[in-house]
Trainee: 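The following block contains the structure, expressed as structure tokens.
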Amino acid sequence: MPHLTASSELVRLRNALLLDAEPANAVWTPAALPPDFRAGSPASTDPKFADLARRFSLRIEGDDWGTALRIGQILRQPGRAPGNPIQSSLSETYRRITDNAEGYCADFSDVFTALAQASGVFSRSWAFSFDGFGGHGHVFNEIWDRRSGRWIMLDVFNNFYFVDAAGRPLSALEVRDVLLSGGAPRMIPVAPASPPGYRYPEKAIDYYRRGLPEWYLWWGNNVFENDRSSLVRLASKAGRSAEQLLALGAGLYPHIRILESRDNEVQRQQLENIRLRLVTLLVAGVFAAGAAVSWWWAARQRRKAVHAG
């Protein structure tokens with residue numbers, strides 16, 4: 001019951017149900033996808049987003065990183081910093097990000113993934129939390145750049161990406177390694193005309209550093225598959241929690257895989273304990289529902305027998 005008291009706790013319940021036993025493995029390429037990674041296919045791309053990609057000429061041939069930066073610049077409006085969670089369909093989220101400068105990090109991450117897929121760029125989402133894999137945390141993107149043959153991360157919501165001393169954009173794990181060693185990678189704005197998420201770069205570095213023990217990787221990028229489900233859209237009218245619950249039950253949600261370390265062993269065990277309790281509760285609920293149906297059917301049959309007599 002305590003987990004039902006706040007949205008951050010509902011996120012913890014969701015993460016517990018989505019938790020994979022396997023740790024996060026980030027050493028793979030889109031050309032050799034892990035078989036259980038829920039990847040979005042070009043055929044699933046929403047025509048609205050395909051049209052956006054064409055209208056704004058998002059795709060730069062032979063330059064996935066340049067394409068990613070162009071997408072980020074479309075989402076980060078000049079002179080305006082985003083705020084307020086949207087938690088709606090992809091098209092509505094895109095509209096409110098670009099028209100009203102709304103949106104939180106998860107909104108930006110999902111829409112970025114959608115536009116990247118529509119532009120022929122592979123994107124995956126990393127996240128970290130501060131509260132034992134609950135709702136207090138952050139989500140950002142990482143794209144596969146075919147020209148350099150490596151991953152590059154960018155935080156569109158906070159309007160920056162990290163580079164090394166030579167100015168080379170860094171992958172998520174490279175950023176993490178630098179922070180773990182006590183270093184502070186240089187930050188470059190994704191959209192120079194848009195305000196930074198942090199006025200002082202050292203505060204952004206501290207934010208990322210505090211989240212280091214609880215990194216996890218979303219094991220899928222099938223944003224359109226979830227968004228196009230008629231059942232999920234119907235449930236969304238009852239709120240975001242109902243939408244996520246139905247998407248989870250329908251198997252549309254990608255799972256999460258934790259980047260395991262000694263620093264998150266306790267948090268991982270606590271999340272696994274929540275998962276076990278939830279599964280037990282769900283199984284008990286199924287049995288209780290079956291018992292209730294059996295009782296109703298037996299009572300109905302007895303009434304029929306009495307009337308027949």
Side-chain angles (χ1 to χ4, degrees), residues 30 40 45-46 48-86 90-128 138-148 150-164 167-172 174-175 185-199 201 204-205 207-208 218 221 223-224:
T45 301
D46 189 320
K48 295 178 182 178
F49 280 82
D51 181 64
L52 287 170
R54 287 191 296 269
R55 191 192 321 165
F56 292 108
S57 300
L58 296 180
R59 177 66 191 162
I60 302 175
E61 288 301 327
D63 189 355
D64 295 327
W65 177 235
T67 301
L69 291 178
R70 184 171 288 183
I71 294 170
Q73 289 156 8
I74 289 292
L75 295 179
R76 284 302 305 253
Q77 296 297 294
R80 305 168 74 184
N84 302 322
I86 299 173
L90 285 173
S91 58
E92 175 65 9
T93 300
Y94 168 81
R95 185 191 68 78
R96 289 170 62 177
I97 285 175
T98 55
D99 289 356
N100 306 334
E102 294 182 73
Y104 273 6
C105 56
D107 299 314
F108 274 77
S109 177
D110 284 348
V111 171
F112 177 91
T113 297
L115 288 171
Q117 181 173 316
S119 304
V121 174
F122 191 96
S123 171
R124 64 186 184 185
S125 297
W126 284 93
F128 57 81
H138 188 51
V139 186
F140 60 92
N141 296 91
E142 187 175 45
I143 67 106
W144 176 255
D145 180 47
R146 284 170 286 192
R147 174 184 288 178
S148 61
R150 61 190 188 87
W151 294 99
I152 306 176
M153 70 83 66
L154 70 169
D155 186 338
V156 177
F157 175 73
N158 283 316
N159 193 21
F160 63 76
Y161 59 95
F162 294 104
V163 299
D164 62 15
R168 182 182 68 100
L170 299 175
S171 71
E174 287 174 329
V175 170
R186 188 158 57 98
M187 296 162 52
I188 304 294
V190 172
S194 185
Y198 283 89
R199 183 176 179 183
I205 295 293
Y207 181 72
Y208 266 75
W218 280 97
N221 61 4
V223 290
F224 291 120

Trainee: With N141, which of I152, L154, V121, D110 fulfils side chain to side chain contact (heavy atoms under 4.5 Å, CB included)?
Mentor: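 Among the candidates, only L154 passes.
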Trainee: Looking at residues at least two apart in the chain, or sitting in another chain, which of them share a side chain to side chain donor-acceptor pair (under 3.5 Å) with D164?
Mentor: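 Residues passing side chain to side chain donor-acceptor pair (under 3.5 Å) with D164: R168.
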Trainee: Run the ring-ring contact (aromatic ring centres under 6.0 Å, His included) test against F112 and tell me which residues pass, sequence neighbours left out.
Mentor: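 Listed in chain order: nothing, the list is empty.
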Trainee: Any chance you could measure F157, atom CZ, to S109, atom OG, to the nearest 0.5 Å?
Mentor: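 If I round to the nearest 0.5 Å, the distance is 11.5 Å.
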Trainee: Looking at every heavy atom in both V139 and A127, which two are closest together, and how far apart are they?
Mentor: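 Smallest heavy-atom distance, with atoms named: CG2-CB, 4.1 Å.
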Trainee: What closest approach, in Å, do A191 and R76 show between heavy atoms, and which atom pair accounts for it?
Mentor: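 Nearest pair, atom of A191 first, then R76: CB-CB, 3.8 Å.
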Trainee: Would you please name every residue forming a ring-ring contact (aromatic ring centres under 6.0 Å, His included) with F162, sequence neighbours left out?
Mentor: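 Per chain and number, F162 pairs via ring-ring contact (aromatic ring centres under 6.0 Å, His included) with F160, Y208.
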Trainee: I74 versus L58: any side-chain heavy-atom pair under 4.5 Å?
Mentor: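 Side-chain contact under 4.5 Å: yes.
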Trainee: Let me confirm one number: the CD-CD1 distance from E102 to I86, rounded to the nearest 0.5 Å.
Mentor: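 Here the interatomic distance stands at 5.5 Å.
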Trainee: Could you walk me through whether N158 and F140 pass the side chain to side chain contact (heavy atoms under 4.5 Å, CB included) test, one step at a time?
Mentor: CA-CA 9 Å; N158 283 316; F140 60 92; over 6 Å; no
Trainee: Considering all heavy atoms of both residues, which atom of T113 and which atom of S125 are nearest to each other, and what is their separation?
Mentor: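 Heavy-atom minimum between the residues: OG1-OG, 3.9 Å.
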Trainee: What closest approach, in Å, do T45 and Q117 show between heavy atoms, and which atom pair accounts for it?
Mentor: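 Taking T45 first and Q117 second, the nearest heavy atoms are OG1-NE2, 3.1 Å.
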Trainee: With distance as the sole test, does R70 use its side chain to make a donor-acceptor pair with the main-chain N or O of F56 at under 3.5 Å?
Mentor: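 Such a contact is absent between R70 side chain and F56 backbone.
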Trainee: What pair of heavy atoms forms the shortest contact from A53 to S119, and how long is it?
Mentor: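 Scanning both residues completely, I find the closest heavy atoms to be CB-OG, 3.7 Å.
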Trainee: Does any non-hydrogen side-chain atom of D46 lie less than 4.5 Å from one of S91?
Mentor: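 No, side chains not in contact.
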Trainee: Looking at side-chain heavy atoms only, is the closest gap between I205 and M187 below 4.5 Å?
Mentor: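 Of all side-chain heavy-atom pairs linking M187 with I205, at least one is under 4.5 Å.
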Trainee: Would you say S123's side chain and I143's backbone share a donor-acceptor pair under 3.5 angstrom?
Mentor: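 Not at all, since once roles are kept as given, no pair shorter than 3.5 Å links the two residues.
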Trainee: Are any of the side-chain heavy atoms of L115 and L75 separated by less than 4.5 Å?
Mentor: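 The answer is yes; the side chains approach within 4.5 Å.
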Trainee: Residues in side chain to side chain contact (heavy atoms under 4.5 Å, CB included) with E142, at least two apart?
Mentor: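 By the side chain to side chain contact (heavy atoms under 4.5 Å, CB included) rule, E142 matches R124, W126, W151, M153, S171, A172.
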Trainee: Test of understanding: with ring-ring contact (aromatic ring centres under 6.0 Å, His included), list the residues that count as partners of Y207, not counting sequence neighbours.
Mentor: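 Checked Y207 against ring-ring contact (aromatic ring centres under 6.0 Å, His included); matches are F128, F130, H138, Y198.
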Trainee: Going by side chain to side chain contact (heavy atoms under 4.5 Å, CB included), name the residues that satisfy it together with R186, two or more places apart in sequence or in a different chain.
Mentor: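 Partners of R186 by the side chain to side chain contact (heavy atoms under 4.5 Å, CB included) criterion, ordered by chain and then number, come out as V163, I188.
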Trainee: What are the two closest non-hydrogen atoms of N84 and Y104, and how far apart are they?
Mentor: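 Closest heavy-atom pair between N84 and Y104: N-CE1, 3.2 Å.
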Trainee: Could you go through L52 and Y94, starting from their C-alpha distance and side-chain angles, then the distance that decides it, and tell me whether this counts as side chain to side chain contact (heavy atoms under 4.5 Å, CB included)?
Mentor: CA-CA 10 Å; L52 287 170; Y94 168 81; 3.7 Å; yes
Trainee: Can you find a heavy atom in the side chain of P169 that is under 4.5 Å from one in the side chain of R150?
Mentor: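 P169 reaches R150 side chain to side chain.
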Trainee: Taking only Lys NZ, Arg NE, NH1 and NH2, and the carboxylate oxygens of Asp or Glu, determine whether D64 and R59 approach each other closer than 4.0 Å.
Mentor: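 Salt bridge present between D64 and R59.
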Trainee: Evaluate the side-chain proximity of P82 to F108: yes if any heavy-atom separation is below 4.5 Å, no if none is.
Mentor: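 In contact.
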Trainee: Hey, are the side chains of R95 and N100 touching, using non-hydrogen atoms and a 4.5 Å cut-off?
Mentor: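 Side-chain contact under 4.5 Å: yes.
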Trainee: Going by heavy atoms in the side chains, are N159 and P192 under 4.5 Å from each other?
Mentor: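 When only atoms from C-beta onward are counted, P192 and N159 do not touch, as no gap falls below 4.5 Å.
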Trainee: Is the side chain of Q77 donor-acceptor paired with the backbone N or O of S194 at a distance under 3.5 Å, no angle test?
Mentor: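 Flag not set: sc Q77 to bb S194 has no pair under 3.5 Å.
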